[in-house]
Participant: 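Have a look at this one before I ask anything.
Below, all heavy atoms of this structure are taken into account, side chains as well, without hydrogens, waters or symmetry copies. Read the numbers this way: they start at 1 and go in the same order the structure lists the ligands and their atoms.
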Amino acid sequence: MKDMPVAQVRNFALLGHTGSGKTALLDALLFKLGVNDRHGSPENGTSVADWTEEERERKISIWAKPFDARFTPAGGAAHRLVIADTPGYADFVGQAISAAAVADLGVVVIDAVAGIQVGTHRAWRQCEQRKLPRAIVITGIDRENADFDTAANAAIGLWGSRCIPATFPNAARTKIIDVLAAAPEAEGGERAAELRSRLIEAAAETDDALVEKYLGGEELSAAEIAKGLRAAVAGGVLTPMFAVSAKTMVGLPELLDNIVRLFPSPLERAVSDAEGKTVDPAPTAPFAGFVWRSILDPFVGQLSLVRVYGGTLRSDSEIFNASKQQKERVGAFYFLNGKKQDPAPEAHAGDIVAIPKLKHTGLNDTLCAPGSTFRFAPILFPNPVMTFAVSCKTQGDEDKLSIGLRRAADEDPTLRVERNTETHELTISGMGDVQLQVAVENMRKHNKVEVELHTPKVAYKETITARGEGHYKHKKQSGGRGQYGEVYLRVEPRAPGDEEWFVDAIVGGAIPGNFVPAVQKGVVEGLQRGALAGYPVINVKITVYDGSYHDVDSSEIAFKIAAERALRDGLSKARPVLLEPIMKLTIQAPDQCMGDVTGDLNHRRGRILGMDSQDGLQIIVAEVPQAEVFQYSSQLRSMTGGRGSFDLEFSRMDTVPSNIAQRIIAEAQKHKQEEEE
Ligand SMILES: Nc1nc2c(ncn2[C@@H]2O[C@H](COP(=O)(O)OP(=O)(O)O)[C@@H](O)[C@H]2O)c(=O)[nH]1
Ligand SMILES: [Mg+2]
C-alpha cells in the first residue's frame, strides 16, 4: 500500500436514508475487492461494516467508519479506494456530517424500491452545504418492485439535469450497461449513445478549448474526456448515477470502473484551511491532517481518525497539533477496515488513518508538520434536540457515571453532558432516544454502571410585572448584644438593556455606607430564593432608599436579614410571575402529516410562527415551552413514520400561563414543606 500515487486515490462517503442499502453496498464492494473473503450482510449480522455489538443487535449503522481497498481496472493502474460508511438514522446524523466533512465526494445511496426519502434529502443537503461533489447510486435493483428509471427521474426532477445515468439496467435488470464503456451502443442502444454524448458534453464544458473542439465536431481523446469528466464531477456540474444490486452484485464492476473514471482524486479537488488558503495535496508538501472522529477502543485506547489532506505522514515521527499548539509523537498508525487495523508505514492525501494514543488531540483538531500554523475549520454539529436527566441506579457509582458520560460525549459530538447549575441535575442531550439508549447501554457494558434516565426539571425563573415597596425592620434587643437593621426598598421591572440592577439611593446616612454591601448581599440571596416557587428572580431593579440603624446593635448580618425580608415584601407586592424557557422549533415533515403535527403543537402550548416548503417537505417554525419538548424527537418520529425531523434552540423566557403556574407553585410549596419537616 506504500507508494500509491495520490492521483490514483478515490475517497468517498456513502450517505443516504437509513435502510437504503449503504452498508450492504459496502459489504458487496469489500467482498468484490477481496478485502473480505465472504459476502457479508447487515441483515444477518455478518457485515464487515456494521460490526459493533450495538449495530449488530439493532441491524442499523451507528458509527461512521472508514475502509481501505484496492481496485485495478482492466488494463489500468491500481487505485486505492477510501470509503466511509455512515448511518442514515437521524439520531446519528453527527456521524454522517463528520464523514461528509472529510470525503472528496458524497455517494448518495437511493433504494430502487423506496426512491427518495427524508434521509436522502438530508444527505443531499449535507453535501450541498459543504459543496461536496456527488454521485448517486440506485441500489437494490434485484428486488421485485425495483425501478431504476423512476428513482433516477425523481432525482433529476429534484436536482436537475446535472444528474445523468452513467450506468443503467437492461429491461430484465440482469445486466448493466456502462455508458462510458468501449461500445455501449451494442448493449444499450440509442439510450446509451444519448447518455454518453451528454456525459461527454458535460466533460467538454469544463474547459474552453475542449468545448471548441467538441462543437467543431472533433473527437475528444480518451484522456481529455476522463479529465473533463472528473472536473465536471468535482465542480458539481455533473452528478453521475449508477444502478447496482448489493445482493446479486450486478452493476458493481461497472460502478468500480466509473469510480476510477469519474470520481476526482485528492489532486483534483481543492481543499482550503479556515482562512481560505488552498492546501497543497502533494506528498512532498508539508503534512496536513484533520481529526474527524475520536474513538475510545477498549483494547487500544484513544484512536484519532485522521484524514490526510497533504504531505506525508510517517510512523515514528513528530507532528504538531495546531489547534492545541502542542507537539505530538506519532508511533505506529493504521488503515482501518471495520474492526481490522492494518499497520501503515506512510499516509498521503486522501488517506484516512487511525493514530493511537495522541496525548493532546481530539475531534476537530488540525495536525500538521512541525512549523506549520494553519488550521482547518471545525466541523459544526446541530444542537441536541432531546434531553434527559441521568442518575445511577446504585449509590456510590457517581464517579463511574461521570467517567462513562464523558467518554460517551467524547466519542459522539452530538451528545452533550451538562450539570445544570440551576436544577442541579446531570443531563444528557442528543439527537434522539435511540442515540441516548445506545450511550446508556455502552455505559453499562464498558463502565459497569446502570444508568437511569428521567425527564429533566425545567429551569424556571421568576420576575415581577409591577412596582412594589418593601420594608423590614430586623430587631432583636432582649438581653446581651442585640441585632438591629431597617431597610426600605423599591422593586420594579428592569427594562431590557438597563444594566443597573441595584441602586443605592440612601440619603443622610440612614443606613451607614459600611452596611450597604451587606444590604446588597441580602438582596442577591433573596433574588436567588425567589418570590413564588423558589426560582431565581430575573429582570428586576432594586432601589434601596431608606432605613435606620443602631449605634451598638447594628451589624452586617442584621442588615442582610432586613434587606432579604424587605425584598421578599417588595416582590410579593409587585405581582410576581413564573417564567419558563421557550424553545424555537423548526420542524420538517411531509405534507400528509401536517394536520397531526400542528394539532399536536397546539396540545403542547406551541405557537406557530411560520410555514414554508422545501424539497417536497413542509417546514414549520414554532415556539414551544421547553417543558413540552424534552421527548419531542420520538413523538415526532411516530407521528410522521420517521419522516419528520426538527431543530431545537433556546429562544427566550416567557410567562407561564397562570393555571400551569399554580400547579408548579403548589408543587414547590409542597416540596419545601417536606424538606422542612
Ligand atoms: N435484495 C436486496 N436487499 C438489499 C440490497 N441492499 C440492501 N438490502 C437490504 O436492505 C436492508 C438495509 O440495508 P443496509 O445496507 O443495512 O442499509 P443502510 O442503512 O443504508 O446501511 C438490509 O436488510 C439489506 O440486506 C440489495 O441490493 N438487494
Ligand atoms: Mg448502514
Participant: Please say whether more than 12 non-hydrogen atoms of neighbouring residues, nucleotides or ligands are located less than 6.0 Å from NZ in K445.
Facilitator: yes

Participant: With a 4.0 Å heavy-atom cut-off (strictly under), which part of H17 contacts ligand 1: side chain, backbone, both or neither?
Facilitator: backbone

Participant: Quick check on contacts: which atoms of ligand 1 are under 4.0 angstrom from a heavy atom of T18?
Facilitator: 19 (O)

Participant: Quick check: does I141 get an N/O under 3.5 Å from an N/O on ligand 1?
Facilitator: no

Participant: Can you tell whether the side chains of K59 and D50 come within less than 4.0 Å, N to carboxylate O?
Facilitator: no

Participant: Just to verify, which of T120, V108, I116, D111 counts as forming a side chain to side chain contact (heavy atoms under 4.5 Å, CB included) with H17?
Facilitator: T120

Participant: Side chains of S61 and T23: donor-acceptor distance under 3.5 Å anywhere?
Facilitator: yes

Participant: I'd like to check which ligand 1 atoms, numbered from 1 as shown, lie under 4.0 Å from a non-hydrogen atom of P42.
Facilitator: 14 (P), 15 (O), 16 (O)

Participant: Nearest non-hydrogen atom to atom 27 (O) of ligand 1 belongs to which of A246, A112, P87?
Facilitator: A246

Participant: Give a yes or no on whether a salt bridge exists between D412 and R293, defined as a side-chain N under 4.0 angstrom from a carboxylate O.
Facilitator: no

Participant: Quick one: does G88 get within less than 4.0 Å of ligand 1, heavy atoms only?
Facilitator: no

Participant: Is the terminal nitrogen or CZ of R173 (NZ for Lys, CZ for Arg) located under 6.0 angstrom from the six-membered ring centre of F148 and within 45° of that ring's axis?
Facilitator: no

Participant: Can we say D27 and K22 salt-bridge, meaning some charged N sits less than 4.0 Å from an Asp/Glu carboxylate O?
Facilitator: no

Participant: In terms of side-chain geometry, is the basic nitrogen of E441 or R58 positioned less than 4.0 Å from the acidic oxygen of its partner?
Facilitator: yes

Participant: Can you pull out the closest protein heavy atom to atom 19 (O) of ligand 1? Residue, atom name and distance to 0.1 Å, please.
Facilitator: G19 N, 2.6 Å

Participant: Just say parallel, tilted or perpendicular for the rings of F376 and Y309, cut-offs at 30° and 60°.
Facilitator: tilted

Participant: Heavy atom under 4.0 Å from ligand 1: found in T23's side chain, backbone, both, or neither?
Facilitator: both

Participant: Checking a contact table here: which protein heavy atom is nearest atom 8 (N) of ligand 1, and how many Å away?
Facilitator: R143 NH2, 3.4 Å

Participant: Classify the ring geometry of W159 against W124: parallel below 30°, tilted from 30° to 60°, perpendicular beyond 60°.
Facilitator: parallel

Participant: Is there a side-chain contact between Y632 and M639 (heavy atoms, below 4.5 Å)?
Facilitator: yes

Participant: At less than 4.0 angstrom from any non-hydrogen atom of S20, what atoms of ligand 1 do you find?
Facilitator: 17 (O), 18 (P), 20 (O)

Participant: Which residues and atoms, protein N, O or S only, are under 2.8 Å from the Mg ion (ligand 2)?
Facilitator: T23 OG1, S61 OG

Participant: Does a side-chain N-to-carboxylate-O contact under 4.0 Å join D104 and R10?
Facilitator: no

Participant: Report, in ascending order of atom number, the atoms of ligand 1 lying under 4.0 Å from any heavy atom of S245.
Facilitator: 27 (O)

Participant: Could you list which atoms of ligand 1 come closer than 4.0 Å to a heavy atom of T139?
Facilitator: 27 (O)

Participant: So does E55 pair up with K65, basic N to acidic O under 4.0 Å?
Facilitator: yes

Participant: Near A24, which atoms of ligand 1 are under 4.0 Å from a heavy atom of that residue?
Facilitator: 6 (N), 7 (C), 15 (O)

Participant: Among D27, L25, D142, I138, whose heavy atom sits nearest atom 28 (N) of ligand 1?
Facilitator: D142

Participant: So is G21 polar-close to ligand 1, meaning N/O to N/O under 3.5 Å?
Facilitator: yes

